[in-house]
Amino acid sequence: MAGLAIQGDELVVTLSAFERLVALHGDVRVPLAAVSEVRLESDPWCALRGVRAPGTGFPGVIAYGVRRGTGGRPDFAAVLGRGAAVRVELTAAAPYARLLVTVTDPGATVAAVARGVGG
């Protein structure tokens, strides 16, 4: 399962080798200063926007990769299964508009990121 952590002045989505393969993408790094909101997303499947391009998806099971057609900058998703996820809204300083990531402990991850951005 993907990870979401603060490393220095960046928020990093870390992907396993398998996740990199299905996302057709490496780890995602965004400036910590670009985080405008972080929250728990109880149903990440309803929060997905756009179409995967590139990436891998099977509704309700897996959605990994860049999501285009979101009305502006693309999103990045690393969603696996039916559990809650972490949703991170980003400012124009980041290459993505939104990160949507399922992690082992989404509640603790939201709290840690919020502390890291001063929220």
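Closest heavy-atom contact between T102 and P44: CG2-CG, 4.5 Å. Of all heavy-atom pairs between G116 and I6, the closest is CA-CD1, 3.3 Å. Residues A2 and L15 come closest through the heavy atom pair CB-CD2, 3.9 Å. For the residue pair Y64 and L80, the shortest heavy atom distance occurs at OH-CB, 3.8 Å. Nearest heavy-atom pair across R87 and A47 is NH1-CB, 4.3 Å.
Residues satisfying the side-chain contact (heavy atoms from CB on, under 4.5 Å) criterion with R68, sequence neighbours excluded, are A53, P54, V66, P74. By the side-chain contact (heavy atoms from CB on, under 4.5 Å) test, R82 is found to be paired with W45, residues two or more places apart in sequence or in another chain being considered. Looking at residues two or more places apart in sequence or on another chain, you find a side-chain contact (heavy atoms from CB on, under 4.5 Å) between V110 and V38, L40, V86. By the side-chain contact (heavy atoms from CB on, under 4.5 Å) test, A93 pairs with A34, T91, sequence neighbours left out.
L11 and V101 fall within a single hydrophobic cluster, where Ile, Leu, Val, Met, Phe, Trp and Tyr side chains are chained together by heavy-atom contacts under 4.5 Å. When the side chains of ILVMFWY residues are joined at heavy-atom separations under 4.5 Å, either directly or via intervening members, V12 and V28 end up in two distinct hydrophobic clusters. Under the 4.5 Å side-chain contact rule for hydrophobic residues, Y96 and V117 share a cluster. Both V113 and V30 are assigned to one and the same hydrophobic cluster, defined by single-linkage of ILVMFWY side chains at heavy-atom distances under 4.5 Å.
S36 contributes a side-chain N or O that, together with a main-chain N or O of E89, makes up a donor-acceptor pair within less than 3.5 Å. In terms of modelled atom types and a separation under 3.5 Å, the side chain of R67 and the main chain of G50 share a donor-acceptor contact. A donor-acceptor distance shorter than 3.5 angstrom exists from the side chain of R73 to the backbone of L90, with no hydrogens or angles considered.
Residues V13 and L99 are in side-chain contact: their nearest non-hydrogen atoms beyond the backbone lie under 4.5 Å apart. Here the side chains of Q7 and T14 are in contact, with some heavy-atom distance below 4.5 Å.
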Would you give me the side-chain donor-acceptor pairs under 3.5 Å for residues 55-62, sequence neighbours excluded?
residue : atom : partner : partner atom : Å
T56     : OG1  : V22     : O            : 2.6

ask   = Please walk me through it: do V88 and R98 pass side chain to side chain contact (heavy atoms under 4.5 Å, CB included)?
value = CA-CA 6 Å; V88 181; R98 176 188 291 175; over 6 Å; no

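Note that the CG atom of L4 and the CG atom of L100 stand 10.5 Å from one another [nearest 0.5 Å].
Residues in residues 9-33 take part in these ring-ring contact (aromatic ring centres under 6.0 Å, His included) pairs, two or more places apart or across chains: H25-F76.
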